[in-house]
Participant: 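Before we start, here is the structure in question, set down as structure tokens.
Bear in mind the structure is a predicted one, so any value in this text is a computation, not a measurement. Nothing fancy with the numbering, it's 1 onward along the sequence.
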Amino acid sequence: MSEHADSALRKASEEKLRRFDRLRGKEVRPGQFWDLVIVTAADEEQRAAYEVQISEKLCRNELPLGIPYQVFADPPGPKIGNGGSTLYSFSHLEKKYGETLSSLRVILIHAGSGCLVQAHWGRSSWPCPFGDPLYQMLELKLAMYVDFPARMRPGVLVTCADDIELYSVSEDVEFNKPGFTALAHPSALSIGTTHGVFVLEPEERSEVNEMEYRLCVQFLHKPSIDEMQKSGAVCKRKQGTCREEEFVYTDSTYYMDYSTVLKLLGMLEEIGPLDCEIDAYGDFLQALGSGASIEYTNNTVNVTKRENSLVEVRQKIFYHLRGIPLNVVVLNKSKFYHIGTSEEYLLHFTGQSGLREELGLLHAAFTLCECSVGCVMHSVVHPSSVVSAGSVVEYSRIGSSVTVGHGSIVSGCWINAGLTVPPRTFMHTLAVNLNGQAGFVTVAFGTNDNLKNTVASPADLSGLVLFGTSLLECVERVGLCPESVRFSGEKLACSLWNLCLFPVCSDLQSSSSKSLEVVQALCSGSGFTLAKDTRLVSLQESLQNKSHEEMLKFRRKLYRDIVKEK
């Protein structure tokens with residue numbers, strides 16, 4: 001076992017997975033599983049794609065049967081964040097179930113868009129490298145929380161599909177207190193700066209139990225280390241005989257009882273319809289606890305896009321929720337893994353963290369491939385091809401004598417024989433419908449590229465970097481005139497996100513190959529010229545015009561080929 005892995009977490013995770021596997025494809029009894037599973041989606045197309053995939057999982061006996069699985073899409077218009085998704089999901093539930101909701105145990109999985117480029121599928125569709133058929137984040141979330149419904153009063157458990165919590169306890173976690181009850185995990189102070197941190201009521205006892213039920217005085221959202229120190233959030237524990245280690249308790253998943261759900265529904269009537277992003281953690285939990293202060297409502301440092309109404313909406317949330325208790329279940333034998341970025345995705349799925357051993361992750365999962373160093377999922381890879389260490393291939397078809405370089409991600413691609421994916425390359429194919437015409441676009445970036453970095457105008461191409469090279473030099477390498485480079489969307493925001501550099505092709509196979517030619521020219525500096533009539537679009541345009549159905553057909557064909565061969 002690696003130095004990062006924990007044997008207790010591995011045993012506990014194995015038991016949860018066994019329990020969940022025993023429920024898959026079976027009619028569950030009342031109290032044996034969740035009464036209702038809710039998944040949120042960023043838009044109507046993502047909702048439809050989720051529903052198709054969940055229906056197929058049920059037909060293949062990959063999920064427990066006999067309970068509703070429902071997908072709620074965010075309303076069209078401005079982004080409303082996972083807090084807004086939570087509120088509108090409650091509204092849908094109330095309309096559909098009425099008073100019956102007061103007796104249901106519900107899990108709400110936020111699975112809309114995330115940081116990863118392939119997040120347009122929704123985070124609950126992200127594959128995990130184990131299981132036959134392959135687990136996705138939906139199944140993994142249900143498996144890791146398989147013990148919760150039996151010890152939970154009617155209410156809602158809120159979680160996100162881009163993180164994994166592993167925990168080991170000798171007794172079941174109970175959710176039986178009024179208000180909110182959140183899980184807390186010991187973490188380094190550096191982790192606390194990017195997550196929520198609990199300031200707990202002090203206790204006199206010095207011993208540390210594997211699980212403790214505590215009250216939270218104040219919840220800090222992405223605080224600085226200085227803020228953690230001043231607020232009393234920093235704890236200490238002995239490391240060896242003479243050294244003390246500082247840590248904080250960070251957030252992940254939380255529960256709210258039915259009366260709190262009703263309170264949030266009443267709040268939505270006052271603040272809706274929403275026109276700004278609300279955070280289900282930062283904006284809800286910061287209002288709780290005896291030490292909560294309205295000051296946080298003016299802090300917009302971590303806000304992606306500040307709307308004029310944000311502060312006012314936050315203040316209304318604060319006044320509605322203040323006084324509600326925030327209970328905390330401290331899981332001292334637990335780990336929190338976030339996989340929302342390309343770096344985290346590669347780190348955790350290619351064996352460079354403890355997660356691989358603690359969760360039993362494989363190098364090749366539900367795939368036709370003999371991979372022993374990288375990570376290949378739901379793919380068909382020719383035996384003569386090589387997937388290098390530190391790379392991930394998912395939902396793809398790889399021809400003969402192909403090399404996928406170190407530290408790369410290949411997603412939804414069909415790569416022809418003899419081609420090479422350069423090291424540290426991200427490639428992802430999307431089916432699109434542009435002005436009524438179907439096509440395919442394969443977007444490609446360096447895994448370390450900053451897609452959000454912007455310049456003022458197309459004249460400032462040298463200020464953007466693609467595959468480690470100035471964008472000005474990049475466009476010249478593929479035979480483009482700098483003056484002809486187009487950026488989609490808002491003209492004042494020029495970035496890799498809306499850079500129109502990716503060819504639109506008639507089929508998936510030629511799309512992957514054509515974009516790979518562009519990538520190789522950018523990385524090697526070799527001469528290459530795009531045909532003059534080639535239509536080039538951006539990642540932004542591709543996502544706005546995505547068509548999930550064509551890519552689902554590709555995944556189904558891979559599934560059939562893998563099952564047939566196995």
Participant: Under 3.5 Å, side chain of Asn498 to main-chain N/O of Ser495, donor-acceptor pair present?
Facilitator: yes
Participant: In plain terms, say whether Lys546 and Asp43 are close enough for a salt bridge, that is, a side-chain N and a carboxylate O under 4.0 Å apart.
Facilitator: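 Yes.
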Participant: So, for Leu268 and Leu87, which heavy atoms are closest and what is the spacing to 0.1 Å?
Facilitator: CD2-O, 3.6 Å
Participant: More than 12 foreign heavy atoms under 6.0 Å from NZ of Lys514: is that the case here?
Facilitator: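 Check fails, neighbour count at 12 or below.
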Participant: Which atom pair, heavy atoms only, marks the closest approach of Asn450 to Leu496?
Facilitator: O-CD1, 3.9 Å
Participant: Do we see a donor-acceptor contact under 3.5 Å between the side chains of Ser411 and His428?
Facilitator: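 There is such a pair between these side chains.
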Participant: I'd like to know if the side chain of Ser484 and the backbone of Leu480 have a donor-acceptor N/O pair within less than 3.5 Å.
Facilitator: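 Side chain of Ser484 to backbone of Leu480: no pair is present.
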Participant: Please step through ring pair (Phe, Tyr, Trp, His ring centres under 6.0 Å) for the pair Phe502 and Phe445, ending with a clear verdict.
Facilitator: CA-CA 10 Å; Phe502 308 109; Phe445 302 96; 5.3 Å; yes
Participant: When you measure from the side chain of Ser385 to the backbone N and O of Ser401, does any donor-acceptor pair fall under 3.5 Å?
Facilitator: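 Yes, the answer is positive, given that a donor and an acceptor are paired below the 3.5 Å cut-off.
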Participant: Using side chain to side chain donor-acceptor pair (under 3.5 Å), reason through Glu344 and Thr341 one step at a time and then give a plain yes or no.
Facilitator: CA-CA 5 Å; Glu344 291 167 336; Thr341 67; 3.2 Å; yes
Participant: Do NZ/NE/NH1/NH2 and the carboxylate oxygens of Glu394 and Arg555 come within less than 4.0 Å?
Facilitator: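 Between Arg555 and Glu394 there is no salt bridge, as every charged N stays at least 4.0 Å from the carboxylate O atoms.
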Participant: Are any of the side-chain nitrogens in Lys553 or Glu549 under 4.0 Å away from the carboxylate oxygens of its partner?
Facilitator: no
Participant: Between Arg356 and Leu361, is there a donor-acceptor pair closer than 3.5 Å when you use the side chain of the first and the backbone of the second?
Facilitator: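 Here the side-chain-to-backbone pair exists.
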Participant: Give the C-alpha distance, both sets of side-chain angles, the deciding distance and a yes or no for salt bridge (Lys or Arg N to Asp or Glu O under 4.0 Å) between Asp21 and Arg24.
Facilitator: CA-CA 5 Å; Asp21 281 335; Arg24 298 174 88 186; 3.3 Å; yes
Participant: Only one of Ser538, Ser542, Cys505 forms a side chain to side chain contact (heavy atoms under 4.5 Å, CB included) with Val441, so which one is it?
Facilitator: Ser542
Participant: Over 60° means perpendicular and under 30° means parallel, so tell me whether Phe33 and Phe20 are parallel, tilted or perpendicular.
Facilitator: tilted
Participant: Between the side chains of His110 and Thr86, is a donor N or O closer than 3.5 angstrom to an acceptor N or O?
Facilitator: yes
Participant: Quick check against the 3.5 Å criterion: does Glu476 have a side-chain atom that pairs as donor or acceptor with the backbone of Glu473?
Facilitator: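 A pair under 3.5 Å: no.
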Participant: Mind running side chain to side chain donor-acceptor pair (under 3.5 Å) on Asn82 and Ser85 for me, showing each step along the way?
Facilitator: CA-CA 5 Å; Asn82 55 18; Ser85 298; over 6 Å; no
Participant: Above 12 or not: heavy atoms from other molecules or residues under 6.0 Å from NZ of Lys96?
Facilitator: no
Participant: Identify the residue among Leu93, Ile107, Val156 that makes a side chain to side chain contact (heavy atoms under 4.5 Å, CB included) with Leu36.
Facilitator: Leu93
Participant: Could you walk me through whether Glu541 and Arg486 pass the salt bridge (Lys or Arg N to Asp or Glu O under 4.0 Å) check?
Facilitator: CA-CA 12 Å; Glu541 281 179 308; Arg486 185 173 69 90; 3.1 Å; yes
Participant: Would you find a donor on one side and an acceptor on the other, under 3.5 Å apart, between the side chain of Ser124 and the backbone of Leu138?
Facilitator: no
Participant: For the residue pair His338 and Phe336, categorise the inter-ring angle as parallel (less than 30°), tilted (30 to 60°) or perpendicular (more than 60°).
Facilitator: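 Parallel: the ring planes of His338 and Phe336 meet at under 30°.
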Participant: Using atom types as modelled and distance alone, determine if a side-chain donor or acceptor of Arg424 lies under 3.5 Å from a backbone N or O of Thr447.
Facilitator: no
Participant: Can any side-chain N or O of Ser379 pair as donor or acceptor with the backbone N or O of Met377 at less than 3.5 Å?
Facilitator: yes
Participant: Is the positively charged end of Arg60 above the ring of Tyr559, judged by distance under 6.0 angstrom from the centroid and angle within 45° of the axis?
Facilitator: yes
Participant: Ring pair (Phe, Tyr, Trp, His ring centres under 6.0 Å) between Phe130 and Tyr135: does it pass, once the steps are laid out?
Facilitator: CA-CA 6 Å; Phe130 66 96; Tyr135 265 57; 4.6 Å; yes
Participant: With a 4.5 Å heavy-atom cut-off, do Leu558 and Thr367 have their side chains touching?
Facilitator: no
